Amino acid sequence: DREIVLTAANRKKRAVVIDLFDRVPVSTDERISVSDIRPSEQPHDKNKQGLYRFRLKLNPGEEKKITIRYKLTHPSDILPISSEGGGPQW
């Protein structure tokens, strides 16, 4: 299993609503599988390219963590690489 941990904190003296984005890998190679994607919170929305958006309301001084877990299966001779956009790509 792989894991992404996102942390957002409100340092203001009032409540704020923020959109927090992150991308889960998406394979374009049939030999590679990304499965069992389990965010700790329901995303506000997500797209086919693996981009997740979480809308969070944070009170003053509040910090929130979101964890996204997923399984990555691939042959041992194939290793993930990062694209220019920052996300893993195969």
Side-chain angles (χ1 to χ4, degrees):
D1 282 5
R2 307 265 177 137
E3 180 176 271
I4 300 168
V5 179
L6 309 169
T7 304
N10 180 4
R11 306 283 184 235
K12 297 188 179 279
K13 295 181 180 180
R14 60 180 174 78
V16 296
V17 175
I18 64 165
D19 284 339
L20 189 61
F21 294 87
D22 207 340
R23 185 176 308 273
V24 174
V26 174
S27 175
T28 57
D29 187 322
E30 62 189 33
R31 299 170 295 170
I32 299 169
S33 170
V34 180
S35 63
D36 198 20
I37 300 169
R38 301 174 318 273
S40 61
E41 253 191 56
Q42 185 67 31
H44 186 70
D45 58 40
K46 59 185 176 181
N47 66 23
K48 293 179 187 177
Q49 291 79 32
L51 185 64
Y52 281 61
R53 175 171 63 146
F54 299 92
R55 181 158 286 163
L56 306 175
K57 180 179 179 188
L58 298 172
N59 292 315
E62 185 178 6
E63 182 175 286
K64 184 140 196 149
K65 288 189 185 219
I66 295 176
T67 303
I68 306 171
R69 291 182 176 88
Y70 61 94
K71 289 185 180 181
L72 178 64
T73 308
H74 59 85
S76 61
D77 62 331
I78 297 176
L79 298 175
I81 59 168
S82 292
S83 67
E84 281 189 28
Q89 189 174 37
W90 297 277

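Only a predicted model underlies this, so the values are computations on that prediction, with no experimental measurement involved.
- With sequence neighbours left out, the salt bridge (Lys or Arg N to Asp or Glu O under 4.0 Å) criterion links Arg38 to Asp1, Asp36.
- Across every non-hydrogen atom of Tyr70 and Pro25, the tightest pair is OH-CG, 3.5 Å.
- When the salt bridge (Lys or Arg N to Asp or Glu O under 4.0 Å) test is applied to Arg53, the partners found at least two apart in sequence or on another chain are Asp19, Asp45.
- Legend: residues meeting salt bridge (Lys or Arg N to Asp or Glu O under 4.0 Å) with Asp77, ordered by chain and number and at least two apart, are absent.
- Connection of Leu56 to Val16 is established within a shared hydrophobic cluster, with ILVMFWY side chains joined at heavy-atom distances below 4.5 Å, either directly or through further cluster members.
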**Message:** The test is side-chain contact (heavy atoms from CB on, under 4.5 Å); show your working for Val17 and Arg55 and say whether it passes.
**Reply:** CA-CA 7 Å; Val17 175; Arg55 181 158 286 163; 3.7 Å; yes
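- With rounding to the nearest 0.5 Å, the separation of OH in Tyr52 from CD1 in Ile37 is 4.0 Å.
- The side chain to side chain donor-acceptor pair (under 3.5 Å) test applied to Glu3 returns Arg69, not counting sequence neighbours.
- Here Arg23 contributes atom CZ and Gln49 contributes atom CD; the two are 7.0 Å apart, rounded to the nearest 0.5 Å.
- Between Ile32 atom CD1 and Leu72 atom CG the span is 7.0 Å, to the nearest 0.5 Å.
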Side-chain atoms of residues 57-67: list all donor-acceptor pairs with protein atoms under 3.5 Å, sequence neighbours left out, distances to 0.1 Å.
unit_1, atom_1, unit_2, atom_2, d
Glu62, OE1, Asn59, N, 2.8
Lys64, NZ, Glu41, OE2, 2.9

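- Through chains of ILVMFWY side-chain contacts below 4.5 Å, Phe21 is grouped with Leu51.
- Between the OG atom in Ser40 and the CG atom in Leu6 there is a gap of 8.5 Å [rounded to 0.5 Å].
- With rounding to the nearest 0.5 angstrom, the NZ atom of Lys12 is 7.5 Å from the CG atom of Asn10.
- Checked against salt bridge (Lys or Arg N to Asp or Glu O under 4.0 Å), Glu30 has no partners two or more places apart in sequence or in another chain.
- Here the CG-CD1 distance, from Asp22 to Ile4, works out to 5.0 Å after rounding to the nearest 0.5 Å.
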